[in-house]
Amino acid sequence: MMNIWIDINHVPQFNFYKRIILLLSEMGDNVWITVLQRGKLLKIMTNELKGVPNVHIVPLGKHRMTKWSAIFEANLLRIPQMMFWKRKLHIDVAFSNGFQLALVSKRKNIPNYSFDDDPQTVDYKYKVAYNTICHFCIYSDPTLPEPVKVLPVLKEWSYLAPKYFNPNPHVLEKYGIKPKEYVFLREVSVGTVNYAGQASGAILGIQEHIPSDKKVLFSLEEKDKRHLYPKNWILLQEPIEDIHSLIYYSAGLVSSGDSMAREAALLGVPAYYLGIRYDMPANAAAAKVANLQNQKTADFADWAKKLSITPEEAEKQQIALREHIDNEFIDINEYMMGLVENVREKNHK
């Protein structure tokens, strides 16, 4: 039995590590998860991991969604908190997506590995310096120098690969919709750093091109702007039950944010990204491998017309694309498990 440390700072990171957490639990290893208290992250993790044996959730640090809190509480103060917590137990191997765990682990000679999808982050050089191996899940990028390791996969594949994701058609019943007979639209708030410079209301600009024979499921972050959009669009209310099944069975997805657009593309759904982060490596990879489109690669009106095909043909195309992606990508969960097993073998020698 080993002690594995995983540090999680926001929901997408939990989605990425959830499968490996469950696999390690099944093997009988102790999984220690330090989690930043940010939004609903701790509550989500506590609910989804409730009753899972050998998993220990440790709240560590806070992010109050202010600039001061992000710099001081969520980053600087969290390093000595990690060091103090680490003193209490022996850790065999550690995983994270940030530099804090890497810094602490390097000082304590703990093998540690990071997995990211954006080499442009401010902590890039620190992760490269402190990690045993600094991985980037961006499919391919010959410009990244050693010792960075680029993996032929995207992070979302850890939970969306056919091996791990089984869509549930029963979630459609709540909305009175049928597979491939509706379009999924996602409008994000542009009031964050990631969307700086992006105009708001991108979905408003394309609504007239949505095929008239399709219903619309609508995800809107700023609910106070609901009156600006067509009344017959079905507004989704968070928390959304099995959102990935809702995406999977859609005829197509259009999003002003890139995360959900990538997920849709990896689910084999025709996906169109209305935002401006064209050159982000993960988005470029999704475009190359999973046919994610944007305003530079395809005219939206022409793209939307192609959604009016039969459900049978849409499903056929989806299955073929998912098989193609599966052939192109590695199983990232198996890769991470391999790192754990390498440490286990060294410990037993």
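Keep in mind that the numbers below use all heavy atoms, side chains included, and drop hydrogens, waters and symmetry copies. Small disclaimer: the values here were computed from a predicted structure and weren't measured.
Between Met27 and Glu341, the closest side-chain pair of non-hydrogen atoms falls below 4.5 Å. Side-chain contact between Tyr278 and Asn283 is absent, with no heavy-atom pair separated by less than 4.5 Å. Residues Tyr229 and Leu185 form no side-chain contact, since every pair of their non-hydrogen atoms from C-beta on lies 4.5 Å or further apart. Put simply, the side chain of Phe218 reaches to within 4.5 Å of the side chain of Glu187, judged on heavy atoms. With contacts defined as side-chain heavy-atom distances shorter than 4.5 Å, the pair Asn30/Met1 qualifies. Side-chain contact between Arg78 and Lys62 is absent, with no heavy atoms from C-beta onward closer than 4.5 Å.
Here the CZ atom belonging to Phe16 is positioned 6.5 Å from the CG atom belonging to Asn97, to the nearest 0.5 angstrom. Distance check: Leu22 CG to Tyr164 OH gives 11.0 Å after rounding to the nearest 0.5 Å. We find the CG-CG distance between Leu236 and Leu246 to be 6.5 Å, quoted to the nearest 0.5 Å. Atom CG of Asn9 sits about 8.0 Å away from atom CG of Leu41, to the nearest 0.5 Å. Separating the OH atom in Tyr17 from the CZ atom in Phe95 is a distance of 7.5 Å, to the nearest 0.5 Å. Here Lys149 contributes atom NZ and Cys137 contributes atom SG; the two are 11.0 Å apart, rounded to the nearest 0.5 Å.
Ile332 and Ile138 are members of different hydrophobic clusters when ILVMFWY side chains are connected at heavy-atom separations under 4.5 Å. Both Val153 and Tyr139 are assigned to one and the same hydrophobic cluster, defined by single-linkage of ILVMFWY side chains at heavy-atom distances under 4.5 Å. The cluster map of Ile, Leu, Val, Met, Phe, Trp and Tyr, joined by side-chain heavy atoms under 4.5 Å apart, puts Met337 and Leu160 in the same cluster. Linking ILVMFWY residues whenever their side-chain heavy atoms come closer than 4.5 Å, directly or via other members, leaves Tyr335 and Val148 in distinct clusters. Cluster annotation: Ile210 and Tyr272 are assigned to the same hydrophobic cluster (Ile/Leu/Val/Met/Phe/Trp/Tyr, side-chain heavy-atom contacts under 4.5 Å, transitive).
Contact check on Lys178 versus Glu181 returns no salt bridge, with no Lys/Arg side-chain nitrogen under 4.0 Å from an Asp/Glu carboxylate oxygen. Looking at Lys163 and Glu334, a side-chain N of the basic residue comes within less than 4.0 Å of a carboxylate O on the acidic one, giving a salt bridge. The existence of a salt bridge linking Lys174 and Asp242 is excluded, since no basic side-chain nitrogen approaches an acidic carboxylate oxygen closer than 4.0 Å.
Ring centers of Tyr124 and Phe136: under 6.0 Å apart, within the cut-off.
Contact detail for Ile57 and Met45: the closest heavy-atom pair is CD1-O, 3.9 Å. Nearest heavy-atom pair across Pro162 and Trp157 is CD-CZ2, 3.5 Å. Heavy atoms only, all atoms of each residue included: Leu307 and Pro211 are closest at CB-CG, 4.2 Å. Among all heavy-atom pairs drawn from Ser256 and Leu274, the shortest one is CA-CB, 4.1 Å. Minimum interatomic distance between Ser105 and Ala94 (heavy atoms only, all atoms of both residues): OG-CB, 3.8 Å. The two atoms that bring Lys306 and Ile309 nearest to each other are O-CG2, 3.6 Å, heavy atoms only.
Relative ring orientation between His244 and Tyr159 is described as tilted, the plane-to-plane angle lying within the 30° to 60° band. Ring geometry, His135 versus Tyr113: the interplanar angle falls from 30° to 60°, so the pair is classed tilted.
Atom CZ of Phe84 has 12 or fewer neighbouring heavy atoms from other residues, nucleotides or ligands inside a 6.0 Å radius. By the 6.0 Å contact criterion, CD on Gln207 is enclosed, its count of non-hydrogen atoms from other residues, nucleotides or ligands being greater than 12. Other residues, nucleotides and ligands place no more than 12 heavy atoms under 6.0 Å from the NZ atom of Lys231. Within a 6.0 Å sphere centred on CD of Gln81, other residues, nucleotides and ligands contribute more than 12 heavy atoms. For Arg226, the CZ atom sits in a packed shell: over 12 heavy atoms of surrounding residues, nucleotides or ligands are nearer than 6.0 Å.
Cluster note: Val104 groups with Trp5, Trp32, Val58, Leu60, Ile79, Met82, Met83, Trp85, Leu89, Ile91, Phe99, Leu101, Leu103, Ile110, Tyr126, Tyr130 through ILVMFWY side-chain heavy atoms spaced under 4.5 Å, whether in direct contact or through intervening members.
Counting only distance, with no hydrogens or angles, the side chain of Asp29 and the backbone of Met2 share a donor-acceptor pair below 3.5 Å.
Side-chain contact of Asn131 with Asn112: a donor-acceptor pair under 3.5 Å is present, judged by distance alone. If you check the side chains of Asn168 and Ser245, you find no donor sitting under 3.5 Å from an acceptor.
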Step-by-step side chain to side chain contact (heavy atoms under 4.5 Å, CB included) determination, Thr297 to Trp303: CA-CA 10 Å; Thr297 61; Trp303 176 87; over 6 Å; no
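Stacking of Lys180 on the aromatic ring of Tyr248 is recorded, both the 6.0 Å distance cut-off and the 45° axial limit being met.
Remark: Glu48 pairs with Lys18 by the salt bridge (charged side-chain N to carboxylate O under 4.0 Å, His left out) rule, at least two apart or across chains.
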